[in-house]
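Working notes, beginning with the structure itself.
Below, chains carry the letters A, B, ... as their sequence lines are ordered, and counting in each starts from 1.
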Number of protein chains: 2
Amino acid sequence: MKHGKPRITHQREVILEELKSVRTHPSADELYDQVRQRLPRISLATVYRNLEFLTDQGLVQKIEVGGRQKRFDGNPEEHYHIRCLDCGKVDDVDLDRIQSLDKSISRTCGYKVIGHRLEFMGICPECSK
Amino acid sequence: MKHGKPRITHQREVILEELKSVRTHPSADELYDQVRQRLPRISLATVYRNLEFLTDQGLVQKIEVGGRQKRFDGNPEEHYHIRCLDCGKVDDVDLDRIQSLDKSISRTCGYKVIGHRLEFMGICPECSK
DNA sequence: TTATTTGCAAAAACTTTGCTGATAA
DNA sequence: TTATCAGCAAAGTTTTTGCAAATAA
């Protein structure tokens, strides 16, 4: 974005590995806690900067679901999520991306449609009990 | 939520009127600027508190699209939005709510599905020029 | 060597909260 | 009258940034 050739730093590798190792969709500070178990002296700013970097590189994705904090997903493929309205957990949803939506909206709204984001909301099995 | 019988204050009325009067989807501070033209001594905290109140009452809705700030919509009916990736503007999208999605997800993911949110992303006509 | 990255601290951006006086009913 | 609400200021939460030291290549 603003710099020259990116470097592969240890922090960067560990952040990517840890994010890819979980199926949850952690916020930056949750991932920070996780990464600190391997790199106790890492800073939260480094986690934020690298999550931004990895997102720009297309290696992970930033997901902006409801709630206050942004979350990150080790799977860069576009897919949909469901969020528990009780505990806030975010899971993946098994539904093919609906390509036809973008085309149908392009025809009606005057925007150049680039993509869409679909998020389901519900109560997870644990919270349902 | 925590109080007894709500009152109809002047601030509350003006905030609701102003939000209903625009088709944009202002953030709290944008609406604050707008409302201040009629109530110069209102505080941003009052705007935040009343937007929360009006949302709880189902008179408006809080929309949590991409970007940093939450936005508010004077139309409480569920509908979809499209956001310009260039200027950040949010418009309504003319597409019926896809009820079938919730049912199909209920069958596959174990969640009790309550609803969904669909947001399109694109470039608005002005930014396309 | 040297340009990029880190850690730290400070700032920024956005939102919520405590308190006292004002006000709707 | 009185419980709710507003305004103000302060604090809380999340994210970003400036800078000097560390480091990948």
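Going from atom NZ of B:Lys5 over to atom C1' of C:dA25 covers 8 Å, rounded to whole Å. A:Phe53 has its CZ atom 16 Å from the P atom of D:dT16, to the nearest Å. In this structure, the CD atom of A:Glu52 is 17 Å from the C1' atom of C:dT6, given to the nearest Å. When the P atom of C:dT16 is taken as reference, atom CD of B:Gln69 falls 12 Å away, rounded to whole Å. The interatomic distance linking A:Asn50 (CG) with D:dT16 (C1') rounds to 14 Å, in whole Å. When rounded to the nearest whole Å, the span between CG of A:Leu44 and C1' of D:dT13 equals 12 Å. Taking atom NZ on A:Lys70 and atom C1' on D:dT13, their separation rounds to 13 Å, with Å as the unit. What separates CG of A:Leu39 from P of C:dG7 is a distance of 8 Å, to the nearest Å.
Mapping A:Arg68 and B:Ala45 onto DNA chain D by nearest heavy atom places B:Ala45 closer to the 5' end of the strand.
Both tests pass for B:Arg36 against the ring of B:Tyr32: distance under 6.0 Å to the centre and angle within 45° of the axis.
Taking the screw axis at each terminus of the helix from C:dT1-D:dA25 to C:dA25-D:dT1 from five consecutive base pairs, the angle between the two is 40° to within rounding of 10 degrees.
Of all nucleotides listed (D:dC5, D:dA25, D:dA6), D:dA6 comes nearest to the side chain of B:Thr46.
Annotation: B:Glu78, atom CD; neighbour count of heavy atoms from other residues, nucleotides and ligands within 6.0 Å does not exceed 12.
Across residues 9-28 of chain B, B:Thr9, B:Gln11, B:Arg12 each have a non-hydrogen atom less than 4.0 Å from an atom of DNA chain D (numbered order). The stretch residues 29-37 of chain A has no heavy atom under 4.0 Å from DNA chain C, so no residue of it qualifies as close.
Between A:Glu52 and A:Tyr48 there is no side-chain heavy-atom pair separated by less than 4.5 Å. Residues B:Ile82 and A:Cys109 meet the side-chain proximity criterion, which asks for heavy atoms closer than 4.5 Å. Counting heavy atoms from C-beta outward, B:Val113 and A:Met121 have side chains that stay 4.5 Å or more apart. Side-chain contact between B:Arg83 and A:Arg117 is present, with at least one heavy-atom pair separated by less than 4.5 Å. Within the 4.5 Å cutoff, the side chain of B:Gln11 has heavy atoms near those of the B:Leu39 side chain.
Salt bridge A:Glu126/A:Lys89: present, at least one basic N to carboxylate O contact under 4.0 Å. Salt-bridge formation is not detected for the pair B:Glu64/B:Arg71: no Lys NZ or Arg NE/NH1/NH2 atom is positioned less than 4.0 Å from an Asp or Glu carboxylate oxygen.
When atom types are taken as modelled, the side chain of A:Glu18 and the backbone of A:Gln34 share no donor-acceptor pair closer than 3.5 angstrom. Side chain of A:Ser128 to backbone of A:Cys124: a donor-acceptor contact under 3.5 angstrom is found. Between the side chain of B:Arg38 and the backbone N or O of B:Val14 there is no donor-acceptor pair closer than 3.5 Å.
Within the nucleic acid shown, B:Arg49 comes within 4.0 Å of at least one base atom, counting heavy atoms only. In this structure, B:Arg7 reaches the bases: a heavy-atom distance under 4.0 Å links it to at least one base atom across the strands shown.
For the pair A:Tyr48 and D:dT16, the criterion of a side-chain N or O lying under 4.0 Å from OP1 or OP2 is not met.
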